[in-house]
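Read through the structure below, which is laid out as structure tokens, and then see the notes.
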Amino acid sequence: MIIPTFKFSDFNSQENFLALKEHFLAQDYRRDPQAILNWVNKKVSETKADEKIEDNPKIIIHINDYSTDSKIIMEKEFIGDFLKPNIIQIANRAYSEFKSELINKGIYDVKSVDGLARHLLNKLNNDTDLIEKAEYLDKEVKHTIFEEVDKFNLLIENHLEYPYPEIKNKIPMNWSRTDVIYFFHLLRKNEVFGKIRESDLGRII
């Protein structure tokens with residue numbers, strides 16, 4: 001089964017949520033893709049914003065069994081097999097994207113890192129407000145999403161508090177330890193890099 005990359009914003013509107021359901025239904029080998037698209041468009045136009053739409057439909061898929069050169073027929077359900085296993089990956093994926101953006105844009109100073117983090121958290125708060133009010137989402141699905149929201153918030157908070165977990169080896173320097181400590185003190189004082197604890201400095205100098 002082909003799975004799209006899930007984001008928190010996939011659940012902040014009925015249209016976005018229906019797009020996920022369309023993707024899921026389109027993989028049912030018994031259905032015509034155009035018929036599915038027509039079904040989704042019809043539901044968007046006819047369904048009230050607070051009305052649920054076939055909470056947990058099921059599909060039949062074919063999986064190639066290369067050991068026997070045959071196809072295995074399997075039934076998959078929308079919530080248990082498609083939504084939940086992929087919702088629980090959203091926080092880690094969003095955090096990886098956050099770190100990649102920092103590297104790709106060369107963002108290292110404290111204020112800029114904090115600014116990007118706050119921007120993402122504010123956006124997530126807006127999504128969370130919409131998701132919390134969404135009547136088209138199953139309670140179990142909401143619970144799983146909110147667990148990922150909490151996880152992402154914790155990952156960001158930990159990053160802001162401890163942004164250099166990869167540093168494990170000491171940096172070889174010809175300076176005295178006192179000079180090195182003072183040098184890092186000046187860097188930290190002038191916010192050249194993010195917050196770093198004395199215990200972390202001890203690992204690298």
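On a predicted model such as this, the values are computed, not experimentally measured, just so you know.
Hydrophobic clustering of Ile, Leu, Val, Met, Phe, Trp and Tyr side chains at less than 4.5 Å, counting indirect connections, unites Val113 with Leu121. Criterion: ILVMFWY side-chain heavy atoms under 4.5 Å apart, direct or through other members. Under it, Leu160 and Ile107 are part of a common hydrophobic cluster. In this structure, Leu130 is not a member of the same hydrophobic cluster as Ile145, with clusters built from ILVMFWY side-chain heavy atoms closer than 4.5 Å. In terms of hydrophobic clustering, with Ile, Leu, Val, Met, Phe, Trp and Tyr side chains grouped at heavy-atom distances under 4.5 Å, Leu154 and Phe146 are assigned to different clusters.
When atom types are taken as modelled, the side chain of Gln89 and the backbone of Pro85 share a donor-acceptor pair closer than 3.5 angstrom. Side chain of Asp114 to backbone of Val110: no donor-acceptor contact under 3.5 angstrom is found.
Between Ile90 and Val149, every side-chain heavy-atom pair lies at or beyond the 4.5 Å cut-off. With contacts defined as side-chain heavy-atom distances shorter than 4.5 Å, the pair His23/Phe82 qualifies. Counting heavy atoms from C-beta outward, Asn92 and Lys151 have side chains that approach closer than 4.5 Å. Between Phe11 and Ile87, the closest side-chain pair of non-hydrogen atoms falls below 4.5 Å. In this structure, the side chains of Leu102 and Tyr108 stay at 4.5 Å or more apart for every pair of heavy atoms.
Comment: Asp10 engages Lys7 in a salt bridge, judged by a side-chain N to carboxylate O separation of less than 4.0 angstrom. Classification of Asp129 and Lys133 as a salt-bridged pair fails, no side-chain N sitting under 4.0 Å from a carboxylate O.
With rounding to the nearest 0.5 Å, the separation of CG in Leu25 from CG in Leu20 is 11.0 Å. Between the CG atom in Asn125 and the CG atom in Leu120 there is a gap of 11.0 Å [rounded to 0.5 Å]. The line from NZ of Lys99 to CD1 of Ile156 is 9.5 Å long, rounded to the nearest 0.5 Å. Interatomic distance, Glu140 CD to Ile79 CD1, rounded to the nearest 0.5 Å: 6.0 Å. Distance NZ/Lys84 to NE2/His143: 8.0 Å, rounded to 0.5 Å. Atoms CG and CD1, on Asn126 and Ile131 in that order, are 11.0 Å from each other to the nearest 0.5 Å.
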Self-check item: Candidate pair Glu101 and Glu97, rule side chain to side chain contact (heavy atoms under 4.5 Å, CB included), full reasoning
Solution: CA-CA 6 Å; Glu101 186 168 357; Glu97 291 174 355; over 6 Å; no
Quiz item: Step by step, would you call Phe8 with Lys123 a side chain to side chain contact (heavy atoms under 4.5 Å, CB included)?
Solution: CA-CA 10 Å; Phe8 289 114; Lys123 183 179 178 182; over 6 Å; no
Quiz item: Does the pair Leu18 and Tyr136 meet the rule for a side chain to side chain contact (heavy atoms under 4.5 Å, CB included), with working shown?
Solution: CA-CA 10 Å; Leu18 278 174; Tyr136 52 84; over 6 Å; no
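Just one of Asn56, Ile59, Leu83 meets the side-chain contact (heavy atoms from CB on, under 4.5 Å) condition when paired with Glu77; it is Asn56. Just one residue in the list Phe78, Phe6, Phe24 forms a ring-ring contact (aromatic ring centres under 6.0 Å, His included) with Phe17, and that residue is Phe78.
More than 12 heavy atoms of other residues, nucleotides or ligands lie within 6.0 Å of NZ in Lys142, so this atom counts as buried by the packing criterion.
Closest approach of Asp81 and Lys76 over heavy atoms only: OD2-CA, 3.3 Å.
Residues meeting the side chain to side chain contact (heavy atoms under 4.5 Å, CB included) test with Asn16, sequence neighbours left out: Asn12, Ser13.
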